[in-house]
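Keep in mind the model is a prediction, meaning the values are calculated, not measured. Numbering of ligands and ligand atoms starts at 1, following listing order.
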Amino acid sequence: MPVPLLDISRQHEPVREELIEAFREALASSRFIKGPVLESFEKDFAAYCGTRRAVGCASGTDALGLALQATGVERGDEVITSPFTFFATAGAIARIGAKPVFVDIDEATFNISPRAMEEWLEDSADMEGAGAFNKVSGRRITAMVPVHLFGQMCNMDELKKLSRGWQIPVVEDACQAVGATWKGEKAGSVGRAGCFSFFPSKNLGALGDGGAVTTNDEELADRVASLREHGGQGYVHRDVGTNSRLDAIQAAFLRIKLAHLEGWHEGRRRNAEYYYKALSAVPEVRTPMIEPEAESVYNQFTISVPRRDELLEHLRSKQIGCAVYYPIPLHMQQCFRHLGYTEESFPASLKASGEVVSIPVFGELTEAELDEVVSAIAGFYGAGKA
Ligand SMILES: *Cc1c(COP(=O)(O)O)cnc(C)c1O
């Protein structure tokens with residue numbers, strides 16, 4: 001039996017009529033840019049994330065760029081992030097002319113290691129007045145971008161401590177973690193700003209591209225709102241922004257889907273629990289570690305295994321959806337070669353990139369499908385169930 005990695009149509013089935021009605025209303029209103037529907041969604045989304053404000057934009061990539069710019073990151077500054085993430089995290093930093101500085105991940109959670117960040121700061125950074133700077137390059141260090149990978153938040157206690165001590169604001173890459181919590185606080189509500197993607201495969205997906213920046217800082221929210229429309233107030237421009245809005249029709253779709261999000265998270269958690277139990281019988285498989293303070297929304301269920309590429313082939317031959325997120329750590333990307341890292345710079349990231357496989361976890365999977373996935377993995381490693 002084939003099992004898809006993700007089948008969005010199953011998720012859309014129960015909201016199909018509502019989505020069609022939203023399209024009819026948008027067409028009748030002829031209000032496609034901004035307007036009351038966008039404002040309602042921004043309000044609902046901020047309430048969901050537990051922040052004062054949410055500002056819609058065109059993608060998660062733009063959310064990162066806009067949030068960094070609004071936080072005060074300038075051309076030539078350094079921004080600390082993880083090398084084991086989707087390209088957009090570092091891409092957004094580089095696109096605004098800043099320099100990504102990578103620190104390694106924690107092998108068990110795949111998230112940025114606060115200890116590695118602390119070590120890097122102690123070795124390389126100094127304080128001057130109110131800000132941190134790199135002792136070697138002389139550049140300012142103006143943000144850290146922890147990525148809540150696969151749906152689990154980073155250790156925000158440790159990161160906030162570093163952020164406070166070094167006066168470096170946190171911009172959360174929460175693109176995979178809408179609704180995830182750390183000690184009950186939602187992703188996107190802990191740092192100076194949170195960045196979200198509504199790419200269709202995220203837990204809250206639009207019917208196209210979309211993104212948002214969340215924050216408790218009204219002034220920052222206003223800056224993002226201005227930057228998404230060329231950085232002006234009317235025709236007076238203090239900053240050079242861009243055109244990056246969230247379409248009213250996508251906001252309408254997202255508003256409908258947001259009402260179902262907690263239920264969808266529950267489905268993913270149920271499936272994750274199933275895997276934790278069933279895969280414990282396969283000693284070769286290491287299941288993802290969720291810290292006790294964190295509640296994951298399992299955007300991905302990512303296991304680490306020996307003979308990874310052979311397992312991939314085996315799963316594909318059985319038409320079981322699987323993918324490697326991510327096969328090349330960002331410090332190894334050609335476009336970042338000038339940063340001067342070597343393959344060995346980040347051993348945990350390198351190791352993860354060679355061992356990980358993400359398997360189907362979306363909420364509408366049937367038990368028979370989950371069983372099929374587990375049997376295929378167990379069969380490959382010769383552990384009963386084949
Ligand atoms: C999806 C994603 C992004 C980018 O979002 P887009 O909406 O595709 O631009 C950024 N960071 C992470 C970690 C993501 O998963």
Side-chain angles (χ1 to χ4, degrees), residues 5-6 8 41 45 54-69 79-96 98 100 102-103 105-106 109-112 143-154 159 170-180 187-188 191 193-214 224 227-228 242-247 250-251 253-254 257 268 288 296-302 323-331 333 335-336 349 352-353 356 358 361-362:
L5 183 58
L6 175 65
I8 300 176
F41 170 68
F45 191 67
V55 182
C57 61
S59 69
T61 306
D62 280 357
L64 286 161
L66 293 167
L68 289 167
Q69 213 183 335
V79 174
I80 308 168
T81 194
S82 163
F84 190 64
T85 172
F86 180 55
F87 180 79
T89 312
I93 294 167
R95 287 283 297 173
I96 59 169
F102 297 120
V103 300
I105 56 167
D106 173 340
T109 63
F110 306 116
N111 280 333
I112 199 164
M144 53 176 83
V145 184
V147 183
H148 306 318
L149 205 69
F150 304 145
Q152 171 174 213
M153 283 181 75
C154 298
L159 292 177
V170 174
V171 172
E172 298 170 61
D173 183 339
C175 286
Q176 298 182 7
V178 63
C195 303
F196 292 89
S197 165
F198 304 126
F199 186 79
S201 69
K202 309 292 161 117
N203 285 31
L204 179 62
L207 276 59
D209 275 310
V213 176
T214 53
V224 172
L227 287 168
R228 76 175 163 180
T242 184
N243 176 0
S244 178
R245 289 175 294 244
L246 178 64
D247 288 345
Q250 296 298 349
F253 295 148
L254 287 164
K257 293 183 74 174
R268 288 171 180 271
S296 177
V297 292
Y298 295 102
N299 180 248
Q300 300 294 342
F301 192 88
T302 303
V324 175
Y325 305 124
Y326 296 91
I328 305 174
L330 300 188
H331 68 287
Q333 295 289 351
C335 61
F336 291 136
S349 298
S353 68
V356 290
S358 297
V361 73
F362 66 94

Please tabulate, one line per pair, the protein nitrogen or oxygen atoms found under 3.5 angstrom from a nitrogen or oxygen of ligand 1, with distances to 0.1 Å, or say none if there are no such pairs.
{"residue": "ligand 1", "atom": "5 (O)", "partner": "Ser197", "partner atom": "OG", "Å": "3.3"}
{"residue": "ligand 1", "atom": "7 (O)", "partner": "Gly60", "partner atom": "N", "Å": "2.8"}
{"residue": "ligand 1", "atom": "7 (O)", "partner": "Ser197", "partner atom": "OG", "Å": "2.6"}
{"residue": "ligand 1", "atom": "9 (O)", "partner": "Gly60", "partner atom": "N", "Å": "3.3"}
{"residue": "ligand 1", "atom": "9 (O)", "partner": "Thr61", "partner atom": "N", "Å": "2.8"}
{"residue": "ligand 1", "atom": "9 (O)", "partner": "Thr61", "partner atom": "OG1", "Å": "2.5"}
{"residue": "ligand 1", "atom": "11 (N)", "partner": "Asp173", "partner atom": "OD1", "Å": "3.4"}
{"residue": "ligand 1", "atom": "11 (N)", "partner": "Asp173", "partner atom": "OD2", "Å": "2.8"}
{"residue": "ligand 1", "atom": "15 (O)", "partner": "Gln176", "partner atom": "NE2", "Å": "2.8"}
{"residue": "ligand 1", "atom": "15 (O)", "partner": "Lys202", "partner atom": "NZ", "Å": "2.7"}

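For Tyr325 and Phe86, the distance between ring centers is not under 6.0 angstrom. Between Phe87 and Phe336, the ring centre distance stays below 6.0 Å.
Side-chain contact annotation: Thr81 with Thr89, donor-acceptor N/O pair under 3.5 Å absent. In this model, no donor atom of one side chain and acceptor atom of the other lie less than 3.5 Å apart for Asp209 and Ser59.
Using modelled atom types, one side-chain atom of Glu172 and one backbone atom of Gly188 make a donor-acceptor pair closer than 3.5 Å.
Partners of Ser296 under the side chain to side chain contact (heavy atoms under 4.5 Å, CB included) rule, at least two apart in sequence or in another chain, are Gln152, Ile290, Tyr298.
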